[in-house]
Asks: 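So that we are looking at the same thing, I have put the structure below in structure tokens.
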2 protein chains.
Amino acid sequence: MSVIWERPEPGPRRVVRLDRAGITAAAVPIADREGLEAVSLRRVASALGTGPMRLYGYLDTKDDLLDLMMDAVCGEIELPAPPELPGSGGWREDLRAIAHGTQFIARRHPWYVTLLGTRQPYGPNGLAYSERLFASVAALGLSARETVHAVNAVRAYIAGFLQLELLPGPEAEPGVEQLTYLARMAATGRYPALARIFAEFERVSPDEAFAEGLERVLDGVAALRPGAP
Amino acid sequence: MSVIWERPEPGPRRVVRLDRAGITAAAVPIADREGLEAVSLRRVASALGTGPMRLYGYLDTKDDLLDLMMDAVCGEIELPAPPELPGSGGWREDLRAIAHGTQFIARRHPWYVTLLGTRQPYGPNGLAYSERLFASVAALGLSARETVHAVNAVRAYIAGFLQLELLPGPEAEPGVEQLTYLARMAATGRYPALARIFAEFERVSPDEAFAEGLERVLDGVAALRPGAP
DNA sequence: GCCTTTCTCGATACGCCGTATCGACACGAT
DNA sequence: ATCGTGTCGATACGGCGTATCGAGAAAGGC
């Protein structure tokens, strides 16, 4: 490796200007199309026409990239107008809007839900999201402590539901006609309550379930209001 | 024929007697002590005094091991007596017991929460857990559809809260006296609602938050009762 | 008791991963 | 024109999950 003829000529100086936004923008579609586990530094870098080590000029760690990705899609969530402006529909309508906005984004970027359960949403967009949540609940006029608990409940419900919704079920291999694993378990008689509800269980759409469960949580929050029934 | 629970365990071995329970029992303490990412087939196998490929006689995939681990700790959750027996304290008390039992286990095995958001709890213990949840809610006398929604809400809350509770915060490096990242963000004035609640936010214990949020969800479920106020 | 068949076992290897190291090179200042 | 500085990316390391396959033990037939 000392003769110049067999050393590759360095390409025209790669002046591809990179920045964090660009890296994030390259990573997100990969996650959308092939899942979060397909997002590797090698993969993202090669989508940008460079090598993996290049990215370390912009990130300390792969985790940094995941933080950036999370905040980027968090910014895609449409938040309702602040409570003091006319666009707001009251605390309950606002919380509904936030929840359904989150669900909408989770459908476009399923991996967002994974990240949601994995790291704090401390980027600017994540903080704006939190701010909007607290502002909505604040409109109820609860005590500080109750407000924190109410926000926690709503946030936990959203994160938990979306997470559970996206779990892959055990797939029945195609061609073979057979009951699903769950149906077979229900038929054993060992799980009577489960078996009794099983049919309904499959008839409920995820959207309906998300909306209805959310109403339960909001009902519980509403019951905290000073003048609650 | 895709779920490990309905595949038979292979027969006896030559050198060291192994079985799925033994493999699981070796894996769980590793996860407890060093986190889920320390659980590799190489690591578990060497804890059992053998090589990684040995495990493939008992598992098809590493995912199978995670399923086994999840079901194992799921079996550690103390469930209340069934509703028809005297030990049961009514639907609400039962749901509380299940929720707090789950929280208790999540504290001993934090990685359980990660798995909870990652895979279906379809092992025998997971199904027994679901059965108990449905049986408790069934005692309210709701319609099938409402029952499904109520169980979803409770389950989503539990999974979501525990997941969010375990998120690592941004650690302030020791020695340097400085505000946390969140406190600094609150001080920017860009997040007024967040800033207003911030102090309280840090005063609430995780236990209290879990319990209080749960009451909100249970209140919402209670409001569905035929003769609800 | 011996031979053959069957099945288990684990060594080796492949292609990924995140990232530490470091030589080569482009660029700005002198 | 030269030097110092800082960026780029090739290479390497130790890990991962798991496919392959030869060695050898167990089981069965005679």
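In the text below, chain A, chain B and the rest are named by the order of the sequence lines, each starting its count at 1.
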Asks: Report the distance from atom OH of Y58(B) to atom P of dT18(D), rounded to the nearest whole Å.
Replies: 18 Å
Asks: Expressed as a whole number of angstroms, how long is the span from R54(B):CZ to dG17(D):C1'?
Replies: 19 Å
Asks: For nucleotides 13-19 of chain C, give me every protein contact, N/O to N/O, under 3.5 Å, one pair per line with atom names.
Replies:
unit_1, atom_1, unit_2, atom_2, d
dC17(C), OP1, S40(A), OG, 2.7
dG18(C), OP1, K62(A), NZ, 2.9
dG18(C), OP2, L41(A), N, 3.1
dG18(C), N7, R42(A), NH1, 2.5
dG18(C), O6, R42(A), NH2, 3.0
dT19(C), OP2, Y56(A), OH, 2.8
dT19(C), OP2, K62(A), N, 3.0
dT19(C), O5', Y56(A), OH, 3.0
dT19(C), O4, R42(A), NH2, 3.4

Asks: Under the rule for side-chain hydrogen bond (donor to acceptor under 3.5 Å, both in side chains), what residues qualify as partners of Y191(B), not counting sequence neighbours?
Replies: none
Asks: With sequence neighbours left out, what residues match H109(B) under side-chain hydrogen bond (donor to acceptor under 3.5 Å, both in side chains)?
Replies: D32(B), E76(B)
Asks: Just N and O in the side chain of T50(B): are any of them under 4.0 Å from OP1 or OP2 of dG10(C)?
Replies: yes
Asks: Measuring centre to centre across the rings, with the benzene-like ring taken for any Trp, is F210(A) within less than 6.0 Å of F161(A)?
Replies: yes
Asks: Only pairs under 3.5 Å count here: list side-chain donor-acceptor contacts from residues 39-52 of chain B, not counting sequence neighbours, and write none if there are none.
Replies:
unit_1, atom_1, unit_2, atom_2, d
S40(B), OG, R43(B), N, 3.1
R43(B), NH2, E34(B), OE1, 3.0
R43(B), NH2, E34(B), OE2, 2.2
S46(B), OG, R43(B), O, 3.4

Asks: Please state how far atom CG in L55(A) lies from atom C1' in dT7(D), giving the value in whole angstrom units.
Replies: 14 Å
Asks: What is the distance, to the nearest angstrom, from the CG atom on L18(B) to the P atom on dC9(C)?
Replies: 8 Å
Asks: List in chain and number order the residues that pass side-chain hydrogen bond (donor to acceptor under 3.5 Å, both in side chains) with N125(A), two or more places apart in sequence or in another chain; answer none if no residue qualifies.
Replies: D71(A)
Asks: With sequence neighbours excluded, what pairs up with R107(A) under the side-chain hydrogen bond (donor to acceptor under 3.5 Å, both in side chains) test?
Replies: E165(A), D207(A)
